[in-house]
Peer 1: 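My questions all concern the structure below.
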Amino acid sequence: MHALAKFIYFKMMKWKLKGAFPELDKYVVIIVPHTSWIDFIVGALVRSITKEEINFIGKKSLFTSPLGWYFRWMGGAPIDRSKSENTVEATAKIFEERKKFRLALSPEGTRKKVVQWKTGFYYIARAAEVPIVLVAFDYGKKEVKISKPYKTTQSKFADFEKYTAFFKGVKGKVEAYSY
């Protein structure tokens with residue numbers, strides 16, 4: 001799969017990869033902009049090329065469905081939303097329980113353009129005491145750009161300024177939803 005992913009990504013799609021995932025067992029990955037279902041394919045290719053295990057969370061019912069095996073194989077972790085535990089606490093608990101967990105999220109929470117990102121990723125990183133890695137899917141430059149890990153600070157405002165600056169000028173698949 002690794003060789004096939006490299007062929008598709010670099011030769012057929014003619015994309016570049018800038019940066020690398022850190023050699024850490026735990027972190028939150030935010031991917032921006034998320035404008036199309038094709039982002040999943042790009043992400044799966046990058047994951048295969050880099051040979052990195054990147055995870056995601058989903059509602060528990062996804063993992064008990066006939067495709068549950070596939071979601072687990074792809075690195076998914078179920079979240080039980082019926083309990084009184086909120087998603088931030090439940091996700092931080094997964095980080096605590098696992099030796100390796102790299103959670104990928106889209107802070108937009110949708111494939112449409114938003115005025116303000118959802119902040120769950122930030123609070124998950126703080127609660128789990130793990131850094132945040134920024135990943136830009138830039139369809140304009142045909143590249144995926146990966147940042148160094150950023151630890152959260154006491155200033156959410158300053159942290160978000162850093163994060164949004166990384167994504168400035170990045171074009172999504174649907175350019176109208178880009179930043």
Side-chain angles (χ1 to χ4, degrees), residues 18-19 21-22 24-40 42-44 46-47 52-63 71 74-98 100-139 144-179:
K18 289 192 171 182
F21 288 107
L24 299 171
D25 288 336
K26 298 178 182 186
Y27 48 87
V28 171
V29 179
I30 62 167
I31 302 159
V32 176
H34 180 38
T35 65
S36 169
W37 63 270
I38 294 171
D39 297 342
F40 177 81
V42 172
V46 169
R47 190 176 110 156
E52 292 295 340
E53 180 183 332
I54 306 294
N55 308 99
F56 63 93
I57 54 172
K59 59 185 175 181
K60 186 179 175 183
S61 62
L62 285 175
F63 295 87
F71 294 126
M74 285 296 293
I79 294 286
D80 187 354
R81 295 182 184 166
S82 67
K83 293 183 177 179
S84 62
E85 201 170 37
N86 72 33
T87 303
V88 169
E89 291 168 356
T91 306
K93 190 173 182 177
I94 294 170
F95 274 101
E96 186 180 306
E97 294 170 348
R98 294 192 180 187
K100 187 183 249 187
F101 194 67
R102 288 103 168 237
L103 176 63
L105 294 169
S106 170
E108 294 118 326
T110 180
R111 290 187 301 261
K112 305 282 186 213
K113 186 170 183 149
V114 296
V115 176
Q116 190 172 357
W117 290 348
K118 294 184 180 261
T119 57
F121 77 91
Y122 184 78
Y123 292 108
I124 289 168
R126 285 186 76 157
E129 298 178 353
V130 298
I132 296 171
V133 175
L134 315 174
V135 177
F137 284 9
D138 193 337
Y139 287 80
V144 170
K145 183 171 69 167
I146 304 168
S147 79
K148 66 178 185 167
Y150 291 97
K151 290 218 177 248
T152 60
T153 68
Q154 294 303 312
S155 175
K156 179 179 149 191
F157 179 78
D159 290 344
F160 271 69
E161 276 190 335
K162 267 189 289 194
Y163 306 155
T164 56
F166 180 82
F167 297 106
K168 190 161 178 70
V170 171
K171 305 282 185 228
K173 175 72 175 157
V174 179
E175 197 170 328
Y177 303 152
S178 300
Y179 294 93

Peer 1: Side chains of Val170 and Pro33: closer than 4.5 Å at any heavy-atom pair?
Peer 2: yes
Peer 1: Can you tell me if NZ on Lys162 sees more than 12 non-hydrogen neighbours from other groups inside 6.0 Å?
Peer 2: yes
Peer 1: Which pair of non-hydrogen atoms, one from Pro78 and one from Ile94, has the smallest distance, and what is that distance?
Peer 2: O-CD1, 4.1 Å
Peer 1: Does some side-chain heavy atom of Asn55 sit less than 4.5 Å from a side-chain heavy atom of Phe95?
Peer 2: no
Peer 1: What's the separation between atom CG in Leu134 and atom CZ in Phe167, rounded to the nearest 0.5 Å?
Peer 2: 4.5 Å
Peer 1: How far apart are the closest heavy atoms of His34 and Asp39, and which atoms are they?
Peer 2: ND1-OD2, 2.9 Å
Peer 1: If every non-hydrogen atom of Phe166 is compared with every non-hydrogen atom of Ser147, which pair is closest and at what distance?
Peer 2: CE1-CB, 3.6 Å
Peer 1: Check whether any side-chain N or O of Lys26 sits under 3.5 Å from a backbone N or O of Arg98 as a donor-acceptor pair, and report yes or no.
Peer 2: yes
Peer 1: In this structure, are over 12 heavy atoms from other groups packed under 6.0 Å from Gln154 atom CD?
Peer 2: no
Peer 1: Do the non-hydrogen side-chain atoms of Leu105 and Ile124 ever get within less than 4.5 Å of each other?
Peer 2: yes
Peer 1: Which heavy atom in Phe101 sits nearest to a heavy atom in Ile57, and how many Å separate them?
Peer 2: CZ-CG2, 4.3 Å
Peer 1: I'd like to know if Glu53 pairs up with Lys100 as an ion pair, taking the criterion as any Lys NZ or Arg NE/NH1/NH2 lying under 4.0 Å from an Asp or Glu carboxylate oxygen.
Peer 2: no
Peer 1: My understanding is that only residues two or more places apart in sequence, or in another chain, count here; which of them pass side-chain contact (heavy atoms from CB on, under 4.5 Å) with Tyr122?
Peer 2: Arg126, Ile132, Thr152, Lys156, Asp159, Phe160, Tyr163
Peer 1: Locate the shortest heavy-atom distance separating Ala127 from Ala92; write the atom from each residue and the value.
Peer 2: CB-CB, 3.8 Å
Peer 1: State, with a plain yes or no, whether a side-chain heavy atom of Val32 is found less than 4.5 Å away from one of Trp117.
Peer 2: yes
Peer 1: Contact between Val135 and Phe21 at the side-chain level, heavy atoms closer than 4.5 Å - yes or no?
Peer 2: yes
Peer 1: Minimum heavy-atom separation for Val42 to Tyr139, with atom names?
Peer 2: CG2-OH, 3.6 Å
Peer 1: Please determine if Lys173 forms a cation-pi arrangement with Phe137, meaning its NZ or CZ atom is less than 6.0 Å from the six-membered ring centre and no more than 45° off the ring axis.
Peer 2: no
